[in-house]
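Before any comments, here is the structure.
We count ligands from 1, going down the list as the structure has it; atoms in each ligand are counted the same way.
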Amino acid sequence: MRATARAQPNIALVKYWGKRDVSRNLPAVGSLSITLDSLWTEMSVEFSPSLEADELSVNGESLPAWLPRVAACLDGVAGEGRQRARIESRYNFPAEAGLASSASAFAALVVAASAAAEVDATTEDLARIAGRASGSAARSLYDGYVELTPRANDISVETIAAADDWPLMVVAAVTGEAPKAVSSTEAMLRSANTSPFYERWVDEQGADLDVARDAVRHRDFAALADVSEHNCLKMHSVTWTSRPPIAYWNQATVACMARVRELRAGGEAVFFTIDAGPQVKAVCLPESAATVEEQLGSVPGVLRMLRSGLGAGARLRD
Ligand code: DP6
């Protein structure tokens, strides 16, 4: 049987950075994210007895490099004795450039695969399987404001507020479209092994999550802005102080951060966050979105702008 699912990327405001258990890909810290709506990945999965090997295409082109991770994820959903599968993936945004393409990809994959294999699994079961492929993917199964909590041997994930409860906007300034030099997986390991700030990062995460969760509960934009920028800068301080250092920013990234702060000083409700890439995601109230988009779009080095509201978790298309 064939099934297609769609999922959107999510942007972490309190970030997952570091692994407690590498073999099971368990995160060292909890995280809190927002699921987007207008950027998406679609995954079609078809299990077939006539296939001898799994096949993967992305936007119409064969992509064997991703196959081992995709195949392991399919094993997680349908069991290792499963039939081989044809997997077709489509994106409407640049993959591998710090816009969380692996999160939407694995979230859509587990939903499509469970339907195609007729497996009866809960959203949390699927989130755990997606999280083993890519930690952030577990959050893209859920809509709106999502908190991921590490447990003894697993994770739990839940929506703490729906997208409609507080419809923030995300305006992303794309400042580089090349694949990242150091993958987040590798960068997390290097951070844990070499940054003198890593332990402190892990220790403080619970306090940041408490502040962010409360800010979401009370729709307190200023508090969410403050803790999100602080958490982002701590994550990047860990990467910069790893050996060898991992620098995801370029000049336009830094210029966009400054522009966001100027806009906020001028009264716009906006803050930035940055993941394992050079893009700057400006999170704002809807009334500030047009100004933020225009202002970041005019920063030298910004290649293009993307805008999205908040949206639903991964779901079937047909
Ligand atoms: C900076 O989920 O890509 O976006 O589990 O190794 O695949 P792996 O890592 P991944 O890391 C995401 C890191 C981040 C922060 C976040 O999304 O929380």
task = Going by heavy-atom distance to atom 14 (C) of ligand 1, choose the closest among Thr273, Leu13, Asp275.
result = Asp275
remark   = Note: heavy atom closest to atom 15 (C) of ligand 1, options Trp17, Tyr16, Phe106, belongs to Tyr16
ask   = Given Gly277, Ser136, Ala133, which has its nearest heavy atom closest to atom 2 (O) of ligand 1?
value = Ser136
Contact check, Arg69 vs ligand 1, heavy-atom distance below 4.0 Å = yes
query = What part of Asn25, side chain from CB on, backbone N/CA/C/O, both or neither, has a heavy atom under 4.0 Å from ligand 1?
reply = side chain
query = Rounded to the nearest 0.5 Å, how far does CG of Asp21 lie from NZ of Lys19?
reply = 10.0 Å
ask   = Should Met169 and Ser308 count as side-chain neighbours, where that means a heavy-atom distance under 4.5 Å?
value = no
note = Checking heavy atoms under 4.0 Å, the part of Ala12 that sits near ligand 1 is side chain
request  = Answer yes if the side chains of Ser44 and Glu88 hold a donor-acceptor pair under 3.5 Å, and no otherwise.
outcome  = no
message = Using a 6.0 Å cut-off, check whether atom CD of Gln251 has over 12 heavy atoms from anything other than its own residue.
response = no
task = Identify, by atom number and element, the atoms of ligand 1 in contact range of Thr185, meaning under 4.0 Å from any of its heavy atoms.
result = 6 (O), 7 (O), 8 (P)
inquiry  = Quick check on Glu61: does its CD atom have over 12 non-hydrogen neighbours (other residues, nucleotides or ligands) under 6.0 Å away?
reply    = no
key: Student check: side-chain heavy atoms of Leu74 and Ile87 closer than 4.5 Å   = yes
